[in-house]
Amino acid sequence: MSGTLITVAPTGAESAKADVPALPVTLEELVATGRECQALGASVIHVHVRDERALPTLDQGRLRETVAALRSETGLIVQLSSGGAVTDPEEARLAVVGAGPDMASCTMGTVNFGDDVFMNRWEFIVALHARMQDAGVVPEYEIFDLGQLATLARLLDRHGLPFGGRVHVDFVMGVPGGMPGTTEALVACKSALRDLPVGATFSATGVGRSTLPVLLASLSAGGHLRVGMEDTTSYARGRKVESNMQLVARAVGFARLAERPPLSPADARVLLGVPPHGSSA
Ligand code: KMH
Ligand code: ZN
């Protein structure tokens, strides 16, 4: 498949609405963002939910309501974050899988995260992987550093393939504490995919200033793209992001220039091993 899978990560858990007013934090804002991003070419939405005060939450009710609304109002593949915020307890993060998403993120190791620590113990990783297998939820394996690909190879070797049978990873690059958002680091990660099952695919996300270099490197290396205000709130030097749509439109433009136009949600489902829209797993 030569097209580009485009994921939008519109909200995240780190930015405050007061600092970034364009951040979608209500269900209405999230659904409207999803619809518009799909119309532009996105096929997956990576979701962090906020509460009534616009703070990150893993409340089950809100997660379920969000999945249901995105399912009925858009054709996007709904991927819930199991990473949450750095303060979220493991039990709440595991419970995300039960909220009925198509996909969930699954991070392959502990990483320094700015001044914080994003904790992902081996036993937690195994439990999350197993819970997704049982629930029929397709994982996107989040890779913040090269060694986490070795952890993924070990996980698949010992605990089997994910639901859907496809292995898709997202290189999250440029986090202070993780790998840098450079072409060299991306090529090193791509090379390490040889230790994963044949046909494993990757997307890449450049945090902050590394957004553009990572986007260009991923496209040229045959990878897919994740963009959104979870990862950057700056569009260019001295210019704030106006909306998630602006970031998706730019990614789509580059993908078309590279003659790798955006995949439709239906084609993205095939690539990722996610059952067709409307079918139950
Ligand atoms: N918010 C970060 C601590 C994920 O969504 O799985 C974790 C994160 C990764 O964003
Ligand atoms: Zn996330």
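Read the numbers this way: they start at 1 and go in the same order the structure lists the ligands and their atoms. Just the heavy atoms: all of them, side chains too, but no hydrogens, waters or symmetry mates, feed the values below. Please read all numbers here as calculations on a predicted model, not as lab measurements. One is the number of the first residue; the rest follow in order along the sequence.
Under a 4.0 Å N-O distance rule, the pair R166/E140 does not qualify as a salt bridge.
Of the protein's non-hydrogen atoms, S105 OG, 2.6 Å is the one closest to atom 6 (O) of ligand 1. The protein heavy-atom contact nearest to atom 5 (O) of ligand 1 is S81 OG, 2.7 Å. The nearest protein atom to atom 10 (O) of ligand 1, hydrogens excluded, is given as E230 OE2, 2.9 Å; this is a heavy-atom distance.
Short contacts between ligand 1 and G83, defined as distances under 4.0 Å to a heavy atom of the residue, involve ligand atoms 4 (C), 6 (O). For ligand 1 and E14, the ligand atoms under 4.0 Å from any heavy atom of the residue are 1 (N), 2 (C), 3 (C). Less than 4.0 angstrom separates some heavy atom of H48 from each of these atoms of ligand 1: 1 (N), 5 (O), 10 (O). Close contacts of ligand 1 with V86, meaning ligand atoms under 4.0 Å from a residue heavy atom, involve 3 (C).
Taking 2.8 Å as the criterion, E142 does not count as a coordinating residue of the Zn ion (ligand 2), since none of its N, O or S atoms falls below it.
A continuous path of Ile, Leu, Val, Met, Phe, Trp and Tyr side chains, each step under 4.5 Å between heavy atoms, connects M108 with F171, placing both in one hydrophobic cluster. Cluster annotation: L80 is not connected to V274 through the hydrophobic network of ILVMFWY side chains, with a link wherever side-chain heavy atoms come within less than 4.5 Å. A single hydrophobic cluster is not seen to contain both V175 and L152; linkage of ILVMFWY side chains at heavy-atom distances under 4.5 Å, directly or through other members, places them apart. Linking ILVMFWY side-chain heavy atoms closer than 4.5 Å, directly or via other members, places F113 and I143 in two distinct hydrophobic clusters.
The NE2 atom of H46, the Zn ion (ligand 2) and the OE2 atom of E230 define an angle of 120° (nearest 10 degrees).
Distances from ligand 1 to the non-hydrogen atoms of C106 include no value under 4.0 Å.
Counted by atom type alone, R64 and Q60 present one or more donor-acceptor pairs between their side chains at under 3.5 Å. Between the side chains of H48 and T11, no donor-acceptor pair is found at a separation under 3.5 Å. Side-chain atoms of D170 and T205 form a donor-acceptor pair, as typed in the model, at a separation below 3.5 Å.
Close N/O approach between A85 and ligand 1 is not found [any backbone or side-chain N/O within under 3.5 Å]. For ligand 1, none of its N or O atoms has an N or O atom of S82 under 3.5 Å away.
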